[in-house]
Number of protein chains: 2
Amino acid sequence: MATIYDVARIAGVSAKTVSRVLNGDAPVGKATREAVEAAIAQLDYVPSSAARMMRSQRSGLIGLITGAISMSPEQNQPAGLPELFIVQGIQKSLANSGMTIMIADTSGVVEKAAPLIDTFLRHRVEGLIYVAEYHQKVSLPAISDGTPMVLANCFDDRGTPAILPDDRRGQHDLVERLITAGHRRIGYLTLRPEIAAGPLRRDGYRMALAEAGIAYDPALVENCEIEGREGETQLLWEAIDRMLRLAKPPSVFCCGNDKMALRVYGILRSMGRKVPVEVSVAGYDNYRVIAETLYPPLTTVDLPYTAMGVRAAQRLMAMISGETREDKGPTLVAGPVYWRESVTELRPANVSQLKSVKEE
Amino acid sequence: MATIYDVARIAGVSAKTVSRVLNGDAPVGKATREAVEAAIAQLDYVPSSAARMMRSQRSGLIGLITGAISMSPEQNQPAGLPELFIVQGIQKSLANSGMTIMIADTSGVVEKAAPLIDTFLRHRVEGLIYVAEYHQKVSLPAISDGTPMVLANCFDDRGTPAILPDDRRGQHDLVERLITAGHRRIGYLTLRPEIAAGPLRRDGYRMALAEAGIAYDPALVENCEIEGREGETQLLWEAIDRMLRLAKPPSVFCCGNDKMALRVYGILRSMGRKVPVEVSVAGYDNYRVIAETLYPPLTTVDLPYTAMGVRAAQRLMAMISGETREDKGPTLVAGPVYWRESVTELRPANVSQLKSVKEE
DNA sequence: CCGGCTTATGACACCGGTGTCATGTCATCG
DNA sequence: CGATGACATGACACCGGTGTCATAAGCCGG
């Protein structure tokens with residue numbers, strides 16, 4: 001591999017001059033520059049970032065840790081596709097910062113985070129972002145040196161800067177919109193409460209009901225998610241069946257997420273109920289593969305992953321440039337409701353002035 | 001940031017001895033080792049990989065380029081979740097090699113690959129893997145220095161080592177299995193032919209029919225995918241409608257991929273046809289979020305992404321260790337048929353001896 | 001015509017590790 | 001008891017860039 005000295009020799013100049021041509025940090029004569037550029041091309045010279053990094057003490061690297069890319073094969077969950085949008089947002093935001101993003105992957109095993117952080121520190125990254133698969137609490141090893149770190153889609157109890165989805169607000173907005181559309185009996189098939197998003201969204205559901213003066217009916221809310229995912233379809237079937245047999249059955253089912261909504265479509269249709277003519281369905285996540293491909297397309301709430309990624313990157317860059325942020329707390333990012341055909345408007349007159357949120 | 005000299009001073013030894021403790025490449029006295037380890041802990045010393053890399057001329061880095069992580073926002077396709085399994089396979093395979101994997105992302109823009117490769121070369125990666133979103137032909141800039149490169153899920157016309165899914169074989173196996181299950185009229189809703197997988201899978205479909213002595217009926221094969229994805233549902237609806245009105249309608253629809261199958265479920269049910277009692281459906285990809293969550297679960301063909309990733313990593317490592325591979329051609333990897341409830345067994349007697357492929 | 005200033009370039013040390021070689025200390029063996 | 005070798009450790013150069021400073025050439029106004 002050619003070095004800067006090889007280039008210098010071929011071009012008949014000093015190594016430092018070649019360095020100047022490469023970095024443009026000092027004026028170089030036209031003839032000299034051309035000679036250097038010719039030599040670089042001739043030798044296929046590629047500068048070594050290691051050597052540069054040593055002297056300049058700046059790596060230009062941002063470390064990104066995620067479990068998105070590969071989940072452990074055992075829990076072959078549908079991997080965190082959505083989470084990728086966070087990474088996308090980070091990349092978009094950092095694209096013009098001159099930073100190179102190094103992504104490492106925990107394979108879904110949290111314990112792998114520590115060695116990965118260590119690897120990053122060896123490479124002297126200037127900042128770290130940890131991206132979680134879903135809204136949750138994490139406890140990562142503390143970074144002993146001062147390398148700044150931001151948590152995305154998760155938080156810890158050390159007050160590390162965090163970027164989180166506003167689940168309460170999202171569910172609230174969806175239910176509010178359903179009420180505007182004329183729905184009064186709103187079934188809610190919830191995620192299991194251990195997940196951070198569960199209680200928050202349930203809060204949002206109750207808030208929206210309360211604001212509209214609708215009494216909360218416990219018979220309309222059931223947890224339909226379990227760890228093993230085996231009996232989940234049956235759990236859903238039974239919950240839906242119970243609710244539909246109520247004296248006042250729900251006119252719409254809010255599902256804990258879009259994946260659950262996908263199941264609910266199949267179950268309702270197997271029960272002989274037409275979606276959305278007889279029963280409406282709404283999801284959460286705006287998991288596009290599902291929400292847009294389902295027939296009919298699914299009304300849901302966007303998890304603003306891209307925006308969260310952008311915010312995470314911005315907050316990290318602010319920390320790197322040494323800005324002392326006053327806001328220590330988590331940054332909440334809300335996502336819009338995507339109104340699609342899976343929910344029937346019971347009182348068209350009421351909602352004529354509303355505009356459905358357009359995609360993009 | 002503490003250096004090896006700081007550690008050496010605190011421990012009262014030479015820098016080289018600290019180096020020996022860190023790398024274990026030469027015996028060190030017990031008392032000395034403990035003194036050094038204490039100093040390291042005291043200073044929170046983290047060695048600089050840049051300095052190490054310079055001297056040893058080995059980076060221990062593998063560069064991975066993918067568009068999976070972020071697709072360009074305009075073409076908000078369902079991003080390459082499946083492709084992530086390739087990355088997972090690569091990581092799994094490389095986990096114990098002592099190599100650090102650096103992942104970079106093109107955001108779905110092919111032109112970004114060149115600068116990313118350059119960045120990797122600056123970091124002196126010892127090998128490169130390019131992972132494509134779907135089976136396709138690519139043309140990347142040639143690597144001028146000798147850094148080995150492997151293509152995964154794609155190929156070029158320069159004969160760069162490539163790892164590809166065996167689409168022909170996969171579709172063949174699925175159709176063969178359908179025939180074993182008693183199906184004779186097999187509708188095929190195909191992907192658009194520009195996609196590399198399209199013609200290959202169609203080949204497999206015809207091969208399986210031919211082997212079973214079933215005549216190929218063009219009325220049963222229609223392209224149902226278009227670029228814009230807007231009119232796709234209608235396209236599908238019409239094709240299905242046409243086929244179902246035939247004198248001998250199909251008993252099963254093979255879909256170009258699982259996403260299409262998801263649509264087909266909704267369409268068939270909206271037409272009042274029960275799945276799978278009246279019509280069976282099969283997909284391709286084994287896109288788990290869809291295939292396992294659909295009700296009933298979808299019969300499909302696995303795209304062996306994880307295995308492809310493993311093979312890609314192995315082939316790369318072989319190239320790095322300088323093994324002159326005789327096999328220059330692409331490596332084809334076949335995936336199994338996943339037999340689930342979306343296909344009715346028309347002749348149970350026939351297939352009793354067959355075992356459905358178990359997941360994992 | 002000369003001091004002062006800008007422009008263009010080079011010499012050289014230095015970043016933080018590791019490879020090489022030399023040195024010192026014992027234990028072992030003939 | 002001296003030669004031999006294994007073990008433990010240190011001195012020093014070197015990897016490939018860049019920061020600092022010095023130096024030479026060119027230009028300008030007085």
Side-chain angles (χ1 to χ4, degrees), chain A residues 1-37 39-40 43-61 98 100 118-126 145, chain B residues 1-37 39-40 43-61 98 100 118-126 145:
Chain A
M1 172 97 0
T3 74
I4 202 170
Y5 295 101
D6 301 324
V7 175
R9 189 159 26 77
I10 300 278
V13 298
S14 75
K16 179 68 216 193
T17 298
V18 177
S19 171
R20 280 191 269 257
V21 170
L22 289 170
N23 299 289
D25 53 355
V28 176
K30 187 154 176 285
T32 311
R33 161 175 288 109
E34 283 164 2
V36 169
E37 281 165 352
I40 288 174
L43 293 172
D44 279 328
Y45 167 69
V46 180
S48 154
S49 60
R52 176 174 304 187
M53 188 186 309
M54 263 191 83
R55 184 70 238 243
S56 66
Q57 299 293 67
R58 287 201 54 239
S59 65
L61 292 173
T100 299
D118 190 60
T119 301
F120 279 149
L121 292 181
R122 291 166 122 82
H123 283 277
R124 298 291 186 265
V125 294
E126 298 179 36
D145 70 339
Chain B
M1 174 93 0
T3 75
I4 203 171
Y5 295 100
D6 301 325
V7 175
R9 189 161 26 78
I10 301 277
V13 298
S14 75
K16 180 66 215 194
T17 298
V18 177
S19 171
R20 281 192 267 258
V21 171
L22 288 169
N23 298 289
D25 53 355
V28 175
K30 187 156 175 285
T32 312
R33 161 175 290 108
E34 282 164 2
V36 169
E37 281 165 352
I40 288 175
L43 293 173
D44 280 328
Y45 167 68
V46 179
S48 154
S49 61
R52 175 173 303 185
M53 188 186 309
M54 261 190 86
R55 184 68 235 244
S56 65
Q57 300 293 68
R58 287 200 54 238
S59 65
L61 292 173
T100 299
D118 190 61
T119 301
F120 278 150
L121 292 182
R122 291 166 122 83
H123 284 276
R124 299 291 187 266
V125 295
E126 298 180 36
D145 70 338

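Quick note on labels: first sequence line is chain A, next is B, and so on, each numbered from 1. None of the values given here were measured: they were computed from a predicted structure. FYI, side chains are in, hydrogens and waters are out, and symmetry mates aren't considered; it's all heavy atoms of this structure.
- When each of A/V28 and B/A50 is assigned the nucleotide of DNA chain C with its nearest heavy atom, A/V28 is the one assigned upstream, toward the 5' end.
- Across all strands, B/V18 comes closer than 4.0 Å to no nucleic acid atom at all (heavy-atom distances).
- In this structure, the side chain of B/E126 does not engage the main chain of B/R58 through any donor-acceptor pair within 3.5 Å.
- Close to C/dT18, at under 4.0 Å from its OP1 or OP2, lies a side-chain N or O of B/S19.
- Residue order along DNA chain D, read from the 5' end via each residue's closest nucleotide, puts B/G12 first among B/Y5 and B/G12.
- The CG atom of A/D25 sits 7.5 Å away from the CZ atom of A/R20 when rounded to the nearest 0.5 Å.
- Going from atom CE of B/M1 over to atom C1' of C/dG17 covers 15 Å, rounded to whole Å.
- OP1 or OP2 of C/dG10 sits under 4.0 Å from a side-chain N or O of A/T17.
- Residues B/R9 and B/I4 are not in side-chain contact: their nearest non-hydrogen atoms beyond the backbone lie 4.5 Å or more apart.
- Rounded to an integer number of Å, the gap from CZ of B/R55 to P of C/dC14 is 19 Å.
- A sub-4.0 Å separation between OP1 or OP2 of D/dG10 and a side-chain N or O of B/S14 is present.
- Judged by distance alone, with hydrogens and angles left aside, B/K16 brings a side-chain donor or acceptor within reach of the base of C/dG19, the pair sitting under 3.5 Å.
- Remark: the A/R20 side chain and the C/dG10 base include a donor-acceptor N/O pair separated by less than 3.5 Å.
- Separating the CG atom of A/N23 from the P atom of D/dG19 is a distance of 7 Å, rounded to the nearest angstrom.
- Without hydrogens or angle criteria, A/N23 side chain to A/S19 main chain gives a donor-acceptor distance under 3.5 Å.
- Side-chain nitrogen and oxygen atoms of A/Q57 include none within less than 4.0 Å of the OP1 or OP2 phosphate oxygen of D/dT18.
- The CZ atom of A/R52 sits 19 Å away from the P atom of C/dC15 (whole-angstrom rounding).
- Proximity of B/D44 to A/D145: side-chain heavy atoms (C-beta onward) are nowhere separated by under 4.5 Å.
- In this structure, A/T32 reaches the sugar-phosphate backbone alone: every heavy-atom distance under 4.0 Å involves primed, P, OP1 or OP2 atoms, never a base.
- In terms of position along DNA chain D, the nucleotide closest to B/V13 lies nearer the 5' end than the nucleotide closest to the other residue of the pair B/V13 and B/R124.
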